[in-house]
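Notes follow the structure.
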Amino acid sequence: MKTVRGCVTILTDNVVPGRSELIGEHGFSAYIETGKGNFIFDTGKGKTVVHNALALQKDLAVINKIIISHGHGDHTGGLPEVLRIQGKKKIDVYAHPHIFLYKYRLKNDKETYGGIPFTRGYLEKMGARFVFNEEYIEIEDGIFLTGEVPRKTPFEGGDMSDRLARLDDGKVIADIIQDDQSMAIHTEKGLMIVLGCAHAGIINTIDYIIKKSGVDQIYCIVGGTHIGFSGEVQLSESIRALKSYNIQHLVPSHCTGLAAITRIKQEFEDIFQFSHVGWSIAF
Ligand SMILES: [Fe+2]
Ligand SMILES: [Fe+2]
């Protein structure tokens with residue numbers, strides 16, 4: 001198996017360390033440096049990614065690929081900023097085709113749009129070259145995207161109840177966020193897994209990556225997990241299931257929620273790390 005060396009740094013997260021120039025926002029983005037090139041995984045909501053990249057000396061002009069975990073605006077909002085930095089250069093943007101669904105939530109008859117805030121045409125004009133994937137794919141030697149993650153565990157329903165999507169023909173469907181995908185890098189230390197929101201469920205995601213890769217050593221899992229907002233059963237069952245894996249570093253970020261992050265810290269004292277803008281790990 002080919003392994004990759006490199007480093008993951010969080011550019012956008014809900015939390016920033018004290019006394020720093022970094023800015024937080026509700027969103028997620030990670031800068032990934034490897035011997036196979038540099039990548040950006042998600043782009044936050046749009047107001048922090050460039051500022052934080054400059055402050056952290058992560059050069060957005062030398063990225064080879066952009067990866068989008070799913071269509072929500074807190075992961076796609078910074079796309080134009082990142083594309084603008086590429087100048088005239090076209091750049092591959094890996095994503096599931098459903099990132100362009102009209103995603104919204106309906107509460108008390110009030111509609112809140114939560115999807116990608118730009119059209120495909122606009123982003124293509126800015127230099128995006130979309131590479132759509134639904135399957136598990138290798139984007140460079142040893143670097144994989146999950147594509148659609150099979151939803152298998154009985155306890156990972158997510159907080160989907162009021163998430164809707166309007167199709168081009170006007171039909172409204174429940175949005176199970178089929179587009180949700182994660183990244184898996186094969187390293188000498190095991191799998192480096194980067195999640196966007198893990199709407200498919202963190203356990204479903206880990207199980208799928210282990211099945212597809214044949215590797216069950218997990219060096220690090222970092223990213224949003226959404227488990228603080230998916231009910232007590234999903235949170236406690238996910239914690240129980242997480243204990244069955246061989247994980248060296250567990251870094252729940254972004255949409256995990258502070259209460260759930262605190263709980264995970266208590267349950268996984270040895271392997272837990274607090275996520276924040278500027279957090280970094282080498283592999
Ligand atoms: Fe999110
Ligand atoms: Fe999301």
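Positions are given from 1 along the sequence. Both counts, for ligands and for their atoms, begin at 1 and track the order of listing.
Atom NE2 is the N, O or S atom of His199 at the shortest distance from the Fe ion (ligand 2). Of all the N, O or S atoms in His72, the one closest to the Fe ion (ligand 2) is ND1.
Applying the ring-ring contact (aromatic ring centres under 6.0 Å, His included) test to pairs two or more places apart or on separate chains, those with a residue in residues 19-58 are His26-His254.
Taking 2.8 Å as the threshold, Cys255 does not count as a candidate ligand of the Fe ion (ligand 2), since none of its N, O or S atoms lies below it. Among the atoms of His226, none of the N, O or S atoms falls under 2.8 Å from the Fe ion (ligand 1). Residue contact annotation: His254 places an N/O/S atom under 2.8 Å from the Fe ion (ligand 1).
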Set out, in order, the CA-CA distance, both residues' side-chain angles and the distance that settles salt bridge (Lys or Arg N to Asp or Glu O under 4.0 Å) for Glu124 and Lys90, then state yes or no.
CA-CA 9 Å; Glu124 284 176 339; Lys90 299 265 181 209; over 6 Å; no

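You'll find the ring centres of His70 and His199 inside the 6.0 Å limit.
Our summary of the site lists the angle at the Fe ion (ligand 1) between OD2 of Asp74 and NE2 of His75 as 100°, to the nearest 10 degrees.
Of the candidates Arg105, Arg166, Arg163, Lys103, Glu111 forms a salt bridge (charged side-chain N to carboxylate O under 4.0 Å, His left out) with just one, namely Arg166.
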Residues 134-145, side-chain donor-acceptor partners within the protein, below 3.5 Å, at least two apart:
unit_1: Glu138; atom_1: OE2; unit_2: Gly142; atom_2: N; d: 2.8
unit_1: Glu140; atom_1: OE2; unit_2: Lys65; atom_2: NZ; d: 3.0

